[in-house]
*Asks:* 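Here you go, one structure.
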Amino acid sequence: MTTSGPERTVNMPRVNLPSPNRRVWLGVLAALLVAWVLSQGVRVIPAGFVGVVFSSFSGVKPDVLQEGIHFVVPFVDHVNLYDARLQEVTLAHDSPNANDAEGAIRARSKEGLDITADVTVQFRIDRAKAAILHKELGRNYVQTVIRPQVRSKVRDAIGQFSAADIISTQRQAVEASITTSLRDVFSRNNLVLDSVLLRELRIPDSIAKAIEQKQAAEQQVAVERNRLQQSSISAQRAVVEAQGAAKAAVEQAKGEAQALSLRGKALRENPQLIQLTVAEKLAPTIQTVMLPSGGNFLLDLKSLGSAGTAATTTAAPATDKTAP
């Protein structure tokens with residue numbers, strides 16, 4: 001006896017040959033895939049930035065990508081952008097994130113007084129050493145290097161000066177000291193320091209008032225010292241003038257004595273000069289004539305004039321009587 005089981009049917013897979021339209025689409029998809037892969041290797045470095053390339057095979061590459069278009073190995077090289085423009089870090093009591101870690105710097109002066117400083121540091125990264133910066137510090141270099149070093153160097157610089165000097169005459173010296181110290185630190189960490197700005201220096205009000213009073217007293221002492229110097233100079237000038245006047249008087253007396261001596265000698269040698277001197281001293285109304293011949297005497301011309309007039313008057317009538 002034979003039994004027949006159910007019939008089994010075997011479905012053979014169909015092989016559909018691609019149509020011409022499907023080939024076109026596959027070509028387009030392949031071209032798009034290739035374009036996408038190539039696009040992953042194109043990197044554009046914006047203005048003011050540099051690119052540091054990290055390779056999955058070799059690590060950080062030493063060559064830094066400058067501004068413009070660059071080609072890297074897709075899916076293997078990764079480009080890290082760094083801002084190479086001028087940047088600034090501000091540590092101040094009024095900064096948006098001011099707190100114990102980010103706020104103003106508290107320091108002590110040379111004599112131990114509390115001083116609070118608001119500081120702004122301007123810097124930029126060294127473009128040529130951006131790869132070393134990325135390898136040693138990474139993107140968080142502001143938190144790991146700049147802020148701690150700024151706080152430390154500001155405290156060290158303020159500790160070298162007294163509070164009175166810091167808030168009056170030595171502010172620029174403090175800035176110069178901070179700048180010198182930070183420039184060395186920044187250079188070792190592949191950063192370029194541009195400037196250090198001391199925005200504000202604050203001390204307790206009581207200490208500030210005491211310093212102002214001390215400075216006012218010192219200024220008053222300086223004024224009094226200047227007045228004393230002026231008085232001393234005036235006194236010295238008066239002494240010099242008196243000495244000069246005395247010397248002039250002595251010289252004048254010597255001159256007059258010498259003149260009298262010479263005049264006396266001349267009178268002794270020429271007695272006629274006595275008569276000349278007397279004649280010169282007579283009043284202009286007295287008419288005198290000095291006759292040096294024979295003896296020393298004076299002739300009164302006025303009396304001679306009167307006698308002559310009288311003689312003329314007496315002789316005149318006799319003449320008239322003899323007239324015909």
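Keep in mind that what you see is a predicted model, and the values were worked out from it rather than measured.
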*Asks:* So Tyr82 and His134, would you call those rings parallel, tilted or perpendicular, with 30° and 60° as cut-offs?
*Replies:* perpendicular
*Asks:* For atom CZ of Phe75, is the number of surrounding heavy atoms from other residues, nucleotides or ligands below 6.0 Å larger than 12?
*Replies:* yes
*Asks:* Determine, using the 4.5 Å side-chain heavy-atom cutoff (strictly less than), whether Leu198 and Ile115 are members of one ILVMFWY cluster.
*Replies:* yes
*Asks:* Among side-chain atoms of Asp184 and Ser187, is any donor-acceptor pair under 3.5 angstrom?
*Replies:* no
*Asks:* Would you say the side chains of Ser195 and Gln122 form a donor-acceptor pair under 3.5 Å?
*Replies:* yes
*Asks:* Does the pair Asp77/Lys61 count as a salt bridge with the N-to-O cut at 4.0 Å?
*Replies:* yes
*Asks:* Listed by chain and number, what are the salt bridge (charged side-chain N to carboxylate O under 4.0 Å, His left out) partners of Asp83, not counting sequence neighbours?
*Replies:* Arg85
*Asks:* So if you build clusters from Ile, Leu, Val, Met, Phe, Trp, Tyr with side-chain heavy-atom gaps below 4.5 Å, do Ile203 and Leu113 land together?
*Replies:* yes
*Asks:* Take Val89 and Phe123, measure what side chain to side chain contact (heavy atoms under 4.5 Å, CB included) needs, and give me the verdict at the end.
*Replies:* CA-CA 8 Å; Val89 172; Phe123 67 97; 3.6 Å; yes
*Asks:* Report the residues that fulfil side-chain hydrogen bond (donor to acceptor under 3.5 Å, both in side chains) with Gln40, sequence neighbours left out, ordered by chain and then residue number.
*Replies:* none
*Asks:* Hydrophobic clustering (ILVMFWY, side-chain heavy atoms < 4.5 Å, transitive) - are Val64 and Val79 grouped together?
*Replies:* no
*Asks:* Is a salt bridge present between Glu67 and Arg127, judged by a nitrogen-to-oxygen distance below 4.0 Å?
*Replies:* yes
*Asks:* So, Ser109 side chain and Phe161 main chain: donor-acceptor pair closer than 3.5 Å or not?
*Replies:* no
*Asks:* Under a 3.5 Å distance rule, please check whether Arg147 uses its side chain to pair with a backbone N or O of Leu91 as donor and acceptor.
*Replies:* no
